[in-house]
2 protein chains.
Amino acid sequence: MSPTTIKVSIFDDHLPLREALSLLLNGTPGYQVGGVYGDPVNLSEKIEANIPDVVLMDISMPEKSGIEAVKELKGLFPHIQVLMLTVFEDEERIFQALCAGASGYMLKNTPPAQLLQAVREVYEGGSPMSPSIARKVLGLLQKFGGKPHSDPYNLTPRETEVLSQLTRGLSTKMIAAELEISYETVRSHLKTIYDKLHVASMTEAVAKALKERLI
Amino acid sequence: MSPTTIKVSIFDDHLPLREALSLLLNGTPGYQVGGVYGDPVNLSEKIEANIPDVVLMDISMPEKSGIEAVKELKGLFPHIQVLMLTVFEDEERIFQALCAGASGYMLKNTPPAQLLQAVREVYEGGSPMSPSIARKVLGLLQKFGGKPHSDPYNLTPRETEVLSQLTRGLSTKMIAAELEISYETVRSHLKTIYDKLHVASMTEAVAKALKERLI
DNA sequence: TTGCGCCTCCCCAGAAAAGGGGATTGAGGA
DNA sequence: TCCTCAATCCCCTTTTCTGGGGAGGCGCAA
């Protein structure tokens, strides 16, 4: 296949880097530099003046952070793919940047060839990330999806089960039917659950259980 | 640098693929095949008999799913890196596999060279993913960290507010006090909330709201 | 003007949940 | 053996929710 030419705009406050990237992209078949900017002020005008396929975005820039810029950009031009290109590799910023709508995250020490590859990948719908970034993203994912908090309230197996039915939205009566025990037994379990969780109603128990991932 | 030789074990129920992978790995300098297995039964024994650096793990296998296997494996040998190698690309399985402890996720249609590269990357602490997988992982991350689901139920501002107090575990009376409106007004809002969410109780409303990130 | 949606408040009857008891099994440990 | 604890079930009273109504005010748009 003959690859389409990808038009890339650059936002970075570091002039030498901007120039190096421009040279690299313009010097490589299949890539073409659109706009090159030192900050994301008046972002919409800059983008509209020269609409790119892919934006390379730094995080630390004067006036406005790259993360804010991504949010704005994706709000206005959802089809433009954003590839973060920064030195930061702390979970917090990675998370924010990706949630803001970036589709890739590369570190600035990435070799040119891989950077070009990453630009193409993000253009083609992939999500290139530097290896260490990818590992951190997995870490974040595991943190969110991670296992239920291991019982900081000493719930018995049965109580846990009742609580879990509660979080499905079932009423006392329905839980009784579901677990094939009597209504009064469910009530009994509920009482001790309330004690242990320090709550006083189904609503509160469900809220606490879901917020603290007890189930 | 001269790359270390990486010892790779393979779990996949598809014989031709096992053989192809073995040939590929053993035929490439820097890679060496450890154990090759058709299923993860007696996993600990298999691993102990021949401890690998990296495990290639299929998901659909007889007897036991690859996801279960990863969980067990990472529990027993946390230092062994697992690279999923499967045909599945649904969010659910990707999520489960990665949460189970896999450090990479490649599709089976990946070209050999990239597969080798992925094995090395996972061995070196990266988290290689096929482009489409990476994009889905980002989607998952955004879903978790992302903003509240933008009102698929057409809740009015006031209703949203009531719902949000509900998810804090407050009772009708408490919400009335909190919002400084009458008890009956809160009830009124609750009724329309129930209608819109298709639920019939506070418990259910809280469960739905928290699970679908409506607040 | 006439609707319409949103927010506000009210009443009533029946259902469900909460709070307070108490009681019986069976398993497992002291 | 005795004791504890999880799990099961029961009763009674009070409080809270639910479901069915209705109704007035306000802002906005047709």
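Residue numbers begin at 1 in each chain, while the letters A, B, ... track the order of the sequences.
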With the side chain defined as heavy atoms from C-beta on, A:L190 is closest, among D:dT8, C:dC7, C:dA18, to C:dA18
Notebook entry, point to check: With a 4.0 Å cut-off on heavy atoms, is B:K191 in touch with a base, just the backbone sugar-phosphate, or nothing at all?
Noted result: base
- Query: If only side-chain N and O atoms of A:R187 are considered, is one of them under 4.0 Å from the OP1 or OP2 phosphate oxygen of D:dC9?
  - Reply: no
Testing D:dA7, C:dA17, D:dC10 for proximity to the side chain of A:E159, the answer is D:dA7
| Note, B:T110 side chain near B:S130 side chain (heavy atom, < 4.5 Å) | yes
Close side-chain approach of B:L21 to B:L115, heavy-atom, < 4.5 Å: yes
Regarding the side chain of A:R158, the nearest nucleotide among D:dT18, C:dT8, D:dA7 is D:dA7
note: A:N154, atom CG; D:dA7, atom C1'; distance rounded to Å ~ 17 Å
Separation of D:dG19 atom C1' from B:H189 atom NE2, nearest Å, is 17 Å
Out of D:dC9, C:dC10, D:dA7, minimum distance to the side chain of B:E184 belongs to C:dC10
>> I'd like to check B:Q32 versus B:I6 (side-chain heavy atoms, cut-off strictly below 4.5 Å). Are they in contact?
In response: no
Whole-Å distance, B:L179 CG to C:dC9 P, equals 11 Å
C:dT8, OP1 or OP2 - any side-chain N/O from B:S182 closer than 4.0 Å?
no
For this session: Determine the contact category for B:S188: base if any of its heavy atoms lies under 4.0 Å from a base atom, sugar-phosphate if only primed atoms, P, OP1 or OP2 are that close, otherwise nothing.
Result: base
Separation of D:dA7 atom P from A:I175 atom CD1, nearest Å, is 15 Å
Cation-pi check, B:R18 onto B:Y37 ring (under 6.0 Å, within 45° of axis):
no
query: Does the distance from a Lys or Arg side-chain N to an Asp or Glu carboxylate O, for A:E204 and B:R168, drop under 4.0 Å?
result: no
When rounded to whole Å, the OH to C1' distance for the pair A:Y183 and D:dC12 reads 13 Å
Ranking B:V186 and B:T203 by the position along DNA chain C of their nearest nucleotide, the one closer to 5' is B:V186
Next on the checklist: Under 4.0 Å from OP1 or OP2 of D:dC5: is there any side-chain N or O of A:T156 that close?
Outcome noted: no
Between B:Y194 and D:dT18, does any side-chain N or O lie under 4.0 Å from OP1 or OP2?
yes
inquiry  = What's A:T172 touching, base or sugar-phosphate or nothing? Going by heavy atoms closer than 4.0 Å.
reply    = sugar-phosphate
Separation of D:dA6 atom P from A:I181 atom CD1, nearest Å, is 15 Å
From CG of A:L170 across to C1' of C:dA17 the rounded distance in Å is 15 Å
In whole angstroms, the gap separating P of C:dC6 from CD of B:E161 amounts to 15 Å
